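Please read the structure below before turning to the comments.
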Number of protein chains: 2
Amino acid sequence: MGTTQLESVPEPKYWHLRTVLSEALDSDFAVGEILPNERDLAARFGVARATLRQALEQLELEGRLQRRRGVGTTVAPPRTAVSVSTAQHDWPGAPGDAWQTADATAAVPPTAVARLFDAATGEEMHTVRRTRVAHGQAVAAELLYVPVGSVPELSAIDVPSGPARGRAVLRELQRLELEGQERAVELGSARADDAKELDRLPGAPVLVVTTRYFAGGRTAAVSVATYRADTCRLTFGDSVDVEINHPGQQRQAS
Amino acid sequence: MGTTQLESVPEPKYWHLRTVLSEALDSDFAVGEILPNERDLAARFGVARATLRQALEQLELEGRLQRRRGVGTTVAPPRTAVSVSTAQHDWPGAPGDAWQTADATAAVPPTAVARLFDAATGEEMHTVRRTRVAHGQAVAAELLYVPVGSVPELSAIDVPSGPARGRAVLRELQRLELEGQERAVELGSARADDAKELDRLPGAPVLVVTTRYFAGGRTAAVSVATYRADTCRLTFGDSVDVEINHPGQQRQAS
DNA sequence: CAGTGGTCTAGACCACCGG
DNA sequence: CGGTGGTCTAGACCACTGC
């Protein structure tokens, strides 16, 4: 097929397996269907279970499969498109921004985050935890860092830690004039707390979206959002919900 | 420390190893430094090599390490910021867009790409291969699909396959009025051809950036760009080159 | 409880790089 | 050539899910 010519140096078994399985998924399986268990599959293809697992790992990374301990391996639906840039010029927490405020405390941000603020040190900040849900599933966990100086009207003593305080911080942010924002996307692995929130194992691949919010000539807030890389496709701009990336169409099993 | 309390259910060895190694990288190693080989490291930590490798894999995924067969494992520099949205309203191939045109042929796009064009079928399209280089390293490979109908002035017979044809396609695109574009980012694994171009093994994690270009009321072109996920951080908006994501600062070894 | 995926081991061989 | 990371095996045990 196409460029699949004779290979003098054969590709790794797990890679070949991945391809074979991928084609099988396209043609013989329906979304949600359960695959045979790993031991059976490995035996069927004449490879060790570890090798079979390496192939499954690839397919899971590509969003084709979903594996759950104690349950089995199922065919994943197409990735859900998650809009990241709607309301390009809105603060987090603006009306209808798809995030649910979970909690807020005061904490010292990791140094990597602190470095995004101008002249930042070990300063304590408002730290708001939020969750994003799509199709009834948690797809992202966010930590929003807001220096106390950015929301001077809010006295930390007034509002105890908890969801109410998170909402208060967000409310105060809306009062500022947002001068711009700056986004970056990179690959990461879920830390223990995020993994739990996303119903994944620690180390699961995530897309880390870091956003700096500018106001008053400086960085007024920083958001670090981790999206499930296996189930999400981040869209920028006014996106239509079109499936991409999968080489073939999902078909119904006969 | 901090929340690292007693764990009734211990975390996996490889995850703990990842953390230990990560901290060691922060404090005891300089960028570019070579780590002890895997067999020695495994022995030193009293684990099987496979377990050690699982930890290294995590760190490589996070952009902390770089492994090269036959050479060794080195400490990776901070990810390079790669701007994805410069010239938000320019066609690909606009002056100074950081891409190098490599080649162009006529080919039928994969069905997943074809679906992004309105009413597309097995139609042949101009297919331009481009490469993006940053800091002397290939960081991304792109396939740009342009329906023949989008660039009517260009007769395929005129220009034989090759770089010249790629430049011709891009030149014709500039003549159209770009009405908008739509981007999506998702995780993928490098296909064999992309992997080769990016100097990685097949299956290496990549960030797939899919862009639809609109002109004349329809999709005039689609670009599928795969960025090395280990070494790149995609930036949107006018980004400054600030390091993020790494919990600690890179320090010089004593 | 049985069955699933997740972790871990000890060892072997291969592909690649550099001297 | 020796040393590196990459692949693969066969087996064991653990953690979780659902019945």
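Here is the naming used below: chain letters follow the sequence lines, and residue numbers restart at 1 for every chain. Computed over heavy atoms, backbone and side chain alike; hydrogens, waters and symmetry mates excluded. Everything numeric in this text was worked out from a predicted model, so none of it was measured.
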Can you list the residues that meet the salt bridge (Lys or Arg N to Asp or Glu O under 4.0 Å) rule with [X], with sequence neighbours excluded?
X	answer
B:R200	B:E60, B:D230
B:R18	B:E62
B:E197	B:R129

Just how far, in rounded Å, is [atom2] of [N] from [atom1] of [X]?
X	N	atom1	atom2	answer
A:R200	C:dG6	CZ	P	8 Å
B:E60	D:dG5	CD	C1'	10 Å
A:D199	D:dC16	CG	C1'	12 Å
A:H16	D:dG6	NE2	P	22 Å
A:L52	C:dG6	CG	C1'	14 Å
B:F45	C:dT9	CZ	P	13 Å
A:R49	C:dC8	CZ	P	13 Å
B:Y14	D:dA15	OH	C1'	13 Å

Overall bend - the helix from C:dC1-D:dG18 to C:dG18-D:dC1, comparing terminal axes fitted on five pairs, nearest 10 degrees
10°
Are side-chain heavy atoms of B:R233 and B:P78 found at a separation under 4.5 Å?
no
Tell me every residue that passes side chain to side chain contact (heavy atoms under 4.5 Å, CB included) with [X], counting only those two or more places apart in sequence or in another chain.
X	value
B:V20	B:H16, B:F45
A:V133	A:Q100, A:T131
B:P12	B:Y14, B:W15
A:R69	A:L201

Below 4.0 angstrom from OP1 or OP2 of D:dG5, is there any side-chain N or O of B:R53?
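For D:dG5, OP1/OP2 do not have a side-chain N/O of B:R53 under 4.0 Å.
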Any side-chain N or O of A:K13 below 4.0 angstrom from OP1/OP2 of D:dT9?
yes
Heteroatom pairs (N/O) under 3.5 angstrom, protein to nucleotides 1-4 of chain D:
{"residue": "D:dG3", "atom": "N2", "partner": "B:G70", "partner atom": "O", "Å": "3.2"}
{"residue": "D:dT4", "atom": "OP1", "partner": "B:N37", "partner atom": "ND2", "Å": "2.7"}
{"residue": "D:dT4", "atom": "OP2", "partner": "B:N37", "partner atom": "ND2", "Å": "3.1"}
{"residue": "D:dT4", "atom": "O2", "partner": "B:G70", "partner atom": "N", "Å": "3.1"}

Nearest to side-chain heavy atoms of A:P12, which nucleotide of D:dT7, C:dT9, C:dG5
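The answer is D:dT7.
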Taking any heavy-atom pair under 4.0 Å as a contact, classify A:L201: base, sugar-phosphate, or nothing.
sugar-phosphate
Do A:T74 and A:Q66 have side-chain N/O donor and acceptor atoms under 3.5 Å apart?
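No, no side-chain donor-acceptor contact under 3.5 Å.
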